[in-house]
Number of protein chains: 2
Amino acid sequence: MGTRLALRIQERYEELTPSEQKLAQFLLDRPDEILASSATELARFTGVSKATAARLFRNLGYNDFNDVRLQAREERNRTGPVQQIPMPQAAVDEVVTVPTHLQVESANLTRTFEELRPDVLNAAAEQIGGAGRVWVAGLGIENGIARYLRILLTRVRPGVHMISENAATWPEELASTGPNDALIIIAVRPWTKQIATVLTFARTTRLKTIVITDPTNTGKARRKEATVLNCHVSTPWSELTQTSVLSMAQLLAATVANRIGGRAKARRDLIADLAEEIESGDI
Amino acid sequence: MGTRLALRIQERYEELTPSEQKLAQFLLDRPDEILASSATELARFTGVSKATAARLFRNLGYNDFNDVRLQAREERNRTGPVQQIPMPQAAVDEVVTVPTHLQVESANLTRTFEELRPDVLNAAAEQIGGAGRVWVAGLGIENGIARYLRILLTRVRPGVHMISENAATWPEELASTGPNDALIIIAVRPWTKQIATVLTFARTTRLKTIVITDPTNTGKARRKEATVLNCHVSTPWSELTQTSVLSMAQLLAATVANRIGGRAKARRDLIADLAEEIESGDI
DNA sequence: CATTTTCTGAAACAAGAGTTTCATAGACAT
DNA sequence: ATGTCTATGAAACTCTTGTTTCAGAAAATG
């Protein structure tokens with residue numbers, strides 16, 4: 001569960017103008033900054049004008065920046081003293097040190113899994129465990145992680161397939177799916193048209209869809225009636241980090257295994273044995 | 001250790017006037033309030049006038065209330081050393097809960113990067129940055145992560161290639177490498193013969209070799225004169241987690257980018273532009 | 001290409017925060 | 001009681017923040 005501000009942003013993200021999105025993005029990545037900083041500072045951080053900032057908050061349905069701040073404060077008081085690991089500032093020299101890296105990764109992991117609702121995770125696992133076949137998709141940089149997830153799932157249940165990296169052939173590949181199948185899409189920002197297309201397709205064919213994504217896109221995915229697993233991926237510099245995405249994949253696979261139970265374990269052992277035999281050259 | 005503000009208050013508490021003490025007390029009780037509230041609000045909370053608040057901060061040795069706020073913010077950002085996170089015991093019921101997962105991942109990440117020596121990381125980055133061509137290898141489940149690393153590195157420098165997943169063809173592929181090239185192998189346990197073979201080969205051809213692996217194998221890799229990046233991957237149950245491996249890949253790529261400097265940034269921007277154009281269908 | 005619409009930051013403006021001044025209330029000594 | 005000194009808040013003042021307006025830039029549309 002995120003803050004109310006975050007929810008509003010996710011709902012209206014597409015309607016926002018580009019500079020508003022820049023600022024909104026920042027607020028999603030670092031919600032605590034609302035409490036500590038003035039609107040002027042937020043604008044400066046993200047390189048937009050004060051005017052744009054004022055407009056954004058109005059467009060999100062607040063009267064005032066003050067409204068926003070008050071709401072944020074109220075929410076902070078309500079949620080217990082969760083020891084959030086703060087995201088470091090952008091270092092001026094832009095050099096990534098090992099401790100900074102660790103802190104960034106920890107912050108993202110912590111936020112990701114403290115926000116993750118177990119019922120959502122279980123729903124996703126249920127869909128995957130109960131599906132006839134499972135399809136895993138990941139474009140571009142996410143492709144490697146998608147393959148990783150596929151292998152994890154293959155260890156646990158049969159019938160897990162990758163959808164090719166070439167988005168052009170997705171229609172053909174997806175054509176053979178049925179309503180008893182499940183589709184897992186790994187897609188952090190930027191959100192491409194292909195993804196939107198596939199999600200629409202999945203909804204019309206009643207394919208169970210699980211989307212692993214970042215807060216910028218949860219709204220879009222949810223509107224397509226997908227189960228959304230939200231991962232924090234931001235860093236103080238401009239790159240993203242996929243660590244929490246991989247970790248989410250790991251957890252998802254483990255949860256599916258739990259759900260399936262004994263059969264999953266048997267299958268894992270079988271695979272381990274096979275791997276060992278191949279390695280030792282007995283075959 | 002408390003905040004610097006708290007220390008100053010404690011030092012001078014007796015010298016403060018009664019109303020100043022009231023306010024100071026409040027700040028000691030709720031140090032985070034400094035970040036979220038204005039001086040006027042703090043005064044109102046404690047039933048003291050704005051003037052008293054201004055005087056208090058001056059008496060504590062600050063120029064300004066703004067000084068106080070800036071210091072508090074700065075202290076929040078560079079939070080102290082990350083506390084050592086204990087690895088959970090094997091849960092008897094073997095069910096992976098979300099909090100347990102988070103704790104396991106945090107523990108592995110923390111151990112991985114607190115042990116990582118910056119000079120080793122830099123050496124690895126140097127080898128990759130300075131190499132003629134770079135080869136990335138990852139077998140089985142690590143293959144996805146290897147692909148991920150390859151893409152990260154491709155964003156930063158040209159000439160980064162995957163070695164195919166089929167280990168049988170490695171001899172041919174490696175035959176075209178020269179002593180100016182670098183080889184990155186991602187190989188956590190189990191350690192296969194192929195890996196040992198390739199490492200031996202790499203040493204004889206004086207290929208610069210970086211091995212990303214887990215503590216079980218560091219010794220073996222080091223004996224082949226490879227640069228070893230050690231990742232903790234264990235979990236209380238029998239599976240491994242590759243999260244820290246991915247995180248290491250991320251850090252490695254970032255470090256290479258730093259090392260290469262401006263050219264890396266230029267290349268990244270170029271790629272980002274291209275990606276955008278492809279997405280928008282302009283090509 | 002022209003026209004309309006949308007987006008955006010600079011600048012003007014209004015509101016509020018923080019500091020300083022100042023008058024006064026209270027404490028204490030004489 | 002008188003004078004002195006400290007503590008305090010009201011109010012004046014200054015500076016910053018947040019909003020609104022407006023004109024130009026950019027994008028979309030015909």
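From a predicted model like this one, the values you see are computed outputs, not experimental measurements. In what follows, every chain begins at residue 1, and chains take the letters A, B, ... in the order their sequences are listed.
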Distances under 3.5 Å between protein N/O atoms and the N/O atoms of nucleotides 18-24 of chain D, please, pair by pair.
from	atom 1	to	atom 2	distance (Å)
D/dG18	OP1	A/A39	N	3.3
D/dG18	OP1	A/R69	NH2	3.3
D/dG18	OP2	A/A39	N	2.9
D/dG18	OP2	A/T40	N	2.8
D/dG18	OP2	A/T40	OG1	3.0
D/dG18	N7	A/K50	NZ	2.8
D/dG18	O6	A/K50	NZ	3.4
D/dT19	OP1	A/D64	OD1	3.3
D/dT19	OP1	A/F65	N	2.9
D/dT20	OP2	A/R58	NH1	3.4

Residues from residues 10-23 of chain A lying under 4.0 Å of DNA chain C - heavy atoms:
A/T17, A/P18, A/S19
Not counting sequence neighbours, which residues clear ring-ring contact (aromatic ring centres under 6.0 Å, His included) with A/F65? List them please.
A/F57
Got a sec, which residues hit side chain to side chain contact (heavy atoms under 4.5 Å, CB included) with A/E142, two or more places apart in sequence or on another chain?
A/I186, A/V188, A/Q242
How would you list, by chain and number, every residue that makes a side chain to side chain contact (heavy atoms under 4.5 Å, CB included) with A/S37, sequence neighbours excluded?
A/E33, A/E41, A/L42, A/F45, B/R73
Holding to side-chain hydrogen bond (donor to acceptor under 3.5 Å, both in side chains), I want the full list of residues that pass it with [X], two or more places apart in sequence or in another chain.
X      : result
A/S244 : none
A/Q127 : A/T227
B/T17  : B/E20
A/T97  : A/T100

If you walk 5' to 3' along DNA chain C, what is the first nucleotide with an atom under 4.0 Å of a heavy atom in chain A, and what is the last?
C/dC7 to C/dA10
Please name all residues satisfying salt bridge (Lys or Arg N to Asp or Glu O under 4.0 Å) with B/R8, sequence neighbours left out, ordered by chain then number.
none
Residues in salt bridge (Lys or Arg N to Asp or Glu O under 4.0 Å) contact with A/R223, at least two apart in sequence or another chain
A/E14
Which of these passes side chain to side chain contact (heavy atoms under 4.5 Å, CB included) with B/I128: B/V256, B/V160, B/V136?
B/V256
